[in-house]
Amino acid sequence: AGVAVARVGSEVAVPMHDKFALVSHRGERLALFGSFNLNAQSIWLNHELGARTRESAIVEAFEGRWERLRAAAQ
């Protein structure tokens, strides 16, 4: 569908603990974040939290976190 996805670290089978996504689309930026784990137990048994924001300060904070994670993985 033309979506570029990047993940820090090379072990795809290892769960991700920082749970956020940065989205840029048609000049708009937003951050999605929360406690949601994408596995059967979380989907069916847990009560999870998810949020979306376009607030620039929050998006920028998550962008900074992403850059620090990428730098640490190299």
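Not a single donor-acceptor pair under 3.5 Å links the side chain of R70 to the backbone N or O of W66.
A continuous path of hydrophobic side-chain contacts links F62 to L69 [ILVMFWY only; heavy atoms under 4.5 Å].
Separation of atoms CZ (R29) and OG (S24) is listed at 6.5 Å; rounding is to 0.5 Å.
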Show me the side-chain donor-acceptor pairs of residues 54-61 shorter than 3.5 Å, one per line, residues at least two apart or across chains.
| unit_1 | atom_1 | unit_2 | atom_2 | d |
| --- | --- | --- | --- | --- |
| R54 | NE | E28 | OE2 | 2.2 |
| R54 | NH2 | E28 | OE2 | 3.3 |

Self-check item: Derivation and outcome, side-chain contact (heavy atoms from CB on, under 4.5 Å), residues L30 and T53
Solution: CA-CA 6 Å; L30 61 103; T53 186; over 6 Å; no
Practice problem: I would like to know whether K19 and F33 meet side-chain contact (heavy atoms from CB on, under 4.5 Å); could you show each step before the answer? | Solution: CA-CA 6 Å; K19 297 173 182 97; F33 57 97; over 6 Å; no
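The hydrophobic cluster around L49 extends to none of the other residues, as no ILVMFWY side-chain heavy atom falls under 4.5 Å of it.
Remark: R52 engages no residue in a side-chain hydrogen bond (donor to acceptor under 3.5 Å, both in side chains) (not counting sequence neighbours).
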